[in-house]
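What follows is a single structure, written as structure tokens, with notes after it.
Numbers for residues simply follow the sequence, beginning at 1. Because only heavy atoms are used, hydrogens play no part in the values below, and waters and symmetry mates are left out as well, while side chains stay in.
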Amino acid sequence: TLLLDTFTGLSVFRLRVMQKQIVPIARALPRLSRQFRLGRQEDAHELSRYLIDAMHEGSLPSKKTPPALADTTFMHQLFGGKFRSQVKCLTCGRESNTLESFLDVSLELGKKTASVGHALRCFTQKEILDGSNKYKCARCNRLVRASKQMLVSEAPPVLTVHLKRFGFGGFGGFGGGGAKIDRHIEFAKKLDLRPHMVSHGHGGGRSGQGRYALHAVLVHSGRSVHSGHYYAFVRSGKDGQWYCMDDSRVTCVREETVLK
């Protein structure tokens, strides 16, 4: 909220960022990752992940910190949640559950994916393991048919959703060489994650989580992973006004523009 208020407080002016102010920041980016270089196109999602990971690791007493303690850093308290992956034997009913921490949710965009809600349903739907993909059940001691499902066990205070718009395959309409899935994917002002959570009738989990209001949208303008331009829509925490942040240019926009 402090970061959001800082940006929106400045947004009443047209920001004139001088080169001498930007260059030191750009030169420091390789400290996050060696792949970041001046003058080269980079991915905003990768920058976000590297930046959050760096701040998270900087909060740890050592690199050998136990996972349970690592999940208590400020960055995990703000952006962190947990997935529960469950494999269930369809012969004896034995369940195998695995918990995994996450800092954002990356969603695949299939040919028919029309909205964020649709992508979430695909992400959390059950998969049947059969045929050559059968599961080795520890109780049955043999390969069996099983169901596999990923659900959210703990929802983060701040949810970041990443849409996988860039494909590198040679089939399925995704093309090679970094083609972009550039069709509109619908999203709303509110997101209810509860139907995709363990606590929503799936057994276990914590209640009272999973409802979100939209605060920011990051947009890539361009048709390829190799080029383009990023800009963002940010909503003020004070009056709900939306702003378009496009480099040094900051303008007020209508909510309808954001949702398009």
Side-chain angles (χ1 to χ4, degrees), residues 3-4 7-8 10-11 14-19 21-54 79 103-120 122-123 159-189 191 214-235 242-260:
L3 182 61
L4 180 63
F7 275 120
T8 54
L10 291 172
S11 62
R14 178 168 180 174
L15 304 182
R16 299 184 180 277
V17 183
M18 304 302 291
Q19 184 179 16
Q21 295 173 297
I22 289 295
V23 170
I25 298 175
R27 286 178 175 170
L29 292 180
R31 297 170 62 179
L32 298 177
S33 172
R34 293 180 179 179
Q35 76 176 46
F36 293 135
R37 300 176 185 174
L38 286 175
R40 193 173 75 173
Q41 296 283 339
E42 302 293 354
D43 181 71
H45 178 246
E46 289 185 1
L47 173 61
S48 172
R49 287 303 306 270
Y50 278 119
L51 181 60
I52 291 175
D53 286 346
F79 296 103
L103 291 171
D104 60 32
V105 178
S106 291
L107 300 177
E108 299 280 355
L109 297 180
K111 290 182 179 180
K112 298 182 179 180
T113 304
S115 66
V116 170
H118 184 186
L120 276 170
C122 293
F123 182 77
L159 176 66
T160 303
V161 177
H162 166 232
L163 302 181
K164 295 182 178 180
R165 285 190 174 273
F166 295 113
F168 297 91
F171 59 92
F174 294 92
K180 179 183 175 182
I181 304 169
D182 58 0
R183 69 178 183 275
H184 177 62
I185 303 297
E186 293 184 2
F187 57 94
K189 297 183 294 182
L191 176 65
L214 186 66
H215 278 272
V217 180
L218 181 63
V219 182
H220 176 267
S221 176
R223 301 187 61 84
S224 168
V225 67
H226 304 297
S227 63
H229 176 66
Y230 285 102
Y231 60 93
F233 295 111
V234 180
R235 183 166 69 90
W242 280 96
Y243 297 89
C244 178
M245 307 266 185
D246 190 351
D247 290 339
S248 63
R249 182 178 176 82
V250 179
T251 56
C252 294
V253 295
R254 297 171 62 88
E255 186 175 76
E256 291 80 2
T257 301
V258 177
L259 298 178
K260 290 180 181 179

[X] side chain near [Y] side chain, heavy-atom distance below 4.5 Å:
{"X": "Arg235", "Y": "Leu214", "value": "no"}
{"X": "Leu103", "Y": "Thr160", "value": "no"}
{"X": "Phe187", "Y": "Leu259", "value": "yes"}
{"X": "Thr251", "Y": "Asp246", "value": "no"}
{"X": "Phe79", "Y": "Ile52", "value": "yes"}
{"X": "Leu29", "Y": "Leu47", "value": "yes"}
{"X": "Ser106", "Y": "His45", "value": "yes"}
{"X": "Leu107", "Y": "Thr113", "value": "no"}

For [X] and [Y], which heavy atoms make the closest approach, and how far apart are they?
{"X": "Leu32", "Y": "Tyr50", "value": "O-CD2, 3.8 Å"}
{"X": "Ala44", "Y": "Tyr230", "value": "N-OH, 3.4 Å"}
{"X": "Leu218", "Y": "Ala232", "value": "CD1-CB, 4.1 Å"}
{"X": "Leu109", "Y": "Ile181", "value": "O-CD1, 3.8 Å"}

Short side-chain to backbone donor-acceptor contact, [X] and [Y], under 3.5 Å:
{"X": "Ser33", "Y": "Phe36", "value": "no"}
{"X": "Arg165", "Y": "Arg183", "value": "yes"}
{"X": "Lys189", "Y": "Glu255", "value": "no"}

Value rounded to 0.5 Å, distance of CH2 in Trp242 from SG in Cys252: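 Those atoms lie 13.0 Å apart.
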
Nearest-0.5 Å distance that lies between atom CG in Leu191 and atom CG in Leu159: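 Reported to 0.5 Å precision, the distance equals 6.5 Å.
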
Test side-chain contact (heavy atoms from CB on, under 4.5 Å) applied to His162 and Arg49, step by step: CA-CA 11 Å; His162 166 232; Arg49 287 303 306 270; over 6 Å; no

